[in-house]
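Right, one structure below, let's go through it.
Both counts, for ligands and for their atoms, begin at 1 and track the order of listing.
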Amino acid sequence: MEPSDAWGMRWQSSASPLAKRYMKVATAKQSLVCLAADRNTMAGLFDLIDDVGEHVAALKTHVDLVDDWTPEAWAEFCEAAHEANLLIFEDRKFADIGKISRAQMAGIYDIRSWSDLVTAHLISGPDVVNGLQAGWTDVGRTGGVLLLAQMSSRGNLLHPAYTAEVVGKGAAHPGVFGFIGNGSRPEELKALRAAVGEEKMIWTPGVNLAVGDGEMGQRYGDPTEAVMAGSDCIIVGSGIHKADDPKQAAAAYARASWDGLTKRNG
Ligand code: S5P
């Protein structure tokens with residue numbers, strides 16, 4: 001299948017090479033899954049890529065939670081991710097002023113040198129996006145920002161008026177790849193898609209084949225429903241990396257997400 005057939009308007013509207021790269025990979029693997037690789041050892045992370053790389057389209061990292069992190073091991077890990085044809089997305093949730101966000105793209109983790117995508121809160125104003133883009137430019141690379149428009153955690157403070165402002169400002173910014181939406185609430189996602197329009201991506205955590213409440217205030221919704229409601233990518237962590245058989249679980253999430261895209265188009 002061609003990406004244009006699988007993605008319809010999302011493909012046609014997109015002016016972002018990065019979004020097109022994602023849509024191509026997702027079509028080739030028939031998977032709209034981003035793995036949240038929340039394991040705290042390098043060995044655990046390498047095992048995950050080996051096990052599930054073929055069933056996921058992107059890899060989301062929290063680089064600062066790895067106990068035995070070294071620059072050399074991380075470089076190898078990113079290489080393995082590229083070999084598995086995965087976009088790399090550092091979920092750093094930047095939120096500072098522009099020049100500090102730019103500086104935080106460097107530092108010991110040097111996120112600017114290996115990430116294709118990063119997350120940011122727009123709470124400090126639009127310069128956070130310019131700062132992050134300057135970070136990639138500093139090393140001759142390009143990348144995209146996913147703005148948190150909604151969150152999956154209970155009691156979060158991203159109320160509808162805040163979401164509307166984030167979407168209004170973010171949708172017009174070329175450095176914004178898209179938005180993080182709440183995968184646990186299809187009706188919120190539908191409203192978010194209506195506000196965002198067709199051009200930008202919506203990626204959604206808070207998704208699990210076992211819907212309901214997760215650990216420490218996390219909430220889960222159904223993956224197929226999230227995609228039908230407008231999600232372009234389901235972000236799945238423990239549903240895969242804590243499963244008895246991560247490979248089988250990743251394949252099941254891939255199927256559920258692809259089914260959602262087929263139903264959305266049909
Ligand atoms: O609102 C959010 C935004 C994000 S990026 N809720 C989230 O859970 N996340 C991230 O998605 C979170 O940092 C974690 O890495 C992942 C969800 O993991 P799971 O184990 O609950 O699937």
Side-chain angles (χ1 to χ4, degrees), residues 22 31-40 44-45 48-49 51-52 55-66 81 86-95 111 115-123 128 132 144-160 162-163 166-167 170 176-186 188-189 191-192 201-227 229-244 246 249-250 252-254 256-257:
Y22 164 70
S31 170
L32 279 61
V33 178
C34 172
L35 169 70
D38 297 333
R39 282 192 180 163
N40 63 336
L45 288 169
L48 257 185
I49 292 197
D51 279 356
V52 313
H55 297 302
V56 302
L59 179 76
K60 188 175 83 61
T61 56
H62 282 298
V63 67
D64 52 357
L65 63 67
V66 182
L86 298 169
L87 273 85
I88 308 182
F89 162 20
E90 168 57 23
D91 186 11
R92 173 64 179 69
K93 299 187 179 71
F94 292 95
I111 294 168
S115 63
D116 300 306
L117 297 165
V118 299
T119 37
H121 285 288
L122 206 62
I123 191 79
V128 65
L132 297 171
V145 178
L146 277 157
L147 291 175
L148 285 118
Q150 298 173 336
M151 288 196 75
S152 62
S153 43
R154 73 176 171 209
N156 71 73
L157 304 180
L158 283 67
H159 298 306
Y162 176 84
T163 301
V166 170
V167 170
V176 172
F177 172 84
F179 302 93
I180 295 292
N182 174 12
S184 75
R185 294 289 182 275
E188 284 181 28
L189 264 179
L192 182 64
M201 291 264 130
I202 297 177
W203 287 27
T204 57
V207 168
N208 199 293
L209 285 165
V211 298
D213 290 342
E215 267 177 82
M216 301 190 79
Q218 177 70 303
R219 301 174 296 182
Y220 290 120
D222 177 73
T224 305
E225 277 182 34
V227 175
S231 168
D232 297 312
C233 179
I234 53 167
I235 297 173
V236 184
S238 37
I240 294 175
H241 67 75
K242 286 211 174 130
D244 293 335
Y253 280 95
S257 67

Below the 3.5 angstrom mark, is there an N/O of [X], backbone or side chain, next to an N/O of ligand 1?
| X | answer |
| --- | --- |
| Lys60 | yes |
| Gly237 | yes |
| Asp38 | yes |

* Asked: Out of Tyr220, Trp203, Phe89, whose heavy atom is nearest to atom 21 (O) of ligand 1?
  ->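 Closest candidate by heavy-atom distance is Tyr220.
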
* Asked: For ligand 1, which atoms, with element, lie under 4.0 Å from some heavy atom of Asp91?
  ->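 In order of numbering, the contacting atoms are 5 (S), 10 (C), 13 (O).
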
* **ligand 1 atoms in contact with His62 (distance to a heavy atom under 4.0 Å)** => 13 (O), 15 (O)

* Asked: Heavy-atom contacts under 4.0 Å between Pro205 and ligand 1: side chain, backbone, both, or neither?
  ->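 For Pro205, the contact with ligand 1 is made by the side chain alone.
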
* **Part of Gln218 with heavy atoms under 4.0 Å of ligand 1, whether side chain, backbone, both or neither** => side chain

* Asked: How would you list, by chain and number, every residue that makes a side-chain hydrogen bond (donor to acceptor under 3.5 Å, both in side chains) with Asn208, sequence neighbours excluded?
  -> Tyr253

* Considering the options Val166, Val167, Leu192, Thr204, which one meets the side chain to side chain contact (heavy atoms under 4.5 Å, CB included) requirement together with Gln150? -> Leu192

* Asked: Does ligand 1 have any atom sitting under 4.0 Å from a heavy atom of Lys93?
  ->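 True for this residue.
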
* Is it true that Lys242 lies under 4.0 Å from ligand 1, counting heavy atoms only? ->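 Flag not set, Lys242 not near ligand 1.
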
Backbone of [Y] reached by a side-chain donor or acceptor of [X] within 3.5 Å:
| X | Y | value |
| --- | --- | --- |
| Asp116 | Ile88 | yes |
| His121 | Lys93 | no |
| Thr119 | Leu146 | no |
| Ser257 | Ser31 | no |

* atom 1 (O) of ligand 1 [closest protein heavy-atom partner, distance rounded to 0.1 Å] -> Ser152 N, 2.8 Å

* **Residue list, side chain to side chain contact (heavy atoms under 4.5 Å, CB included) with Ala57, at least two apart or on another chain** => Tyr22, Val25, Ala26

* Asked: Is any side-chain heavy atom of Ile235 closer than 4.5 Å to a side-chain heavy atom of Ile180?
  -> yes

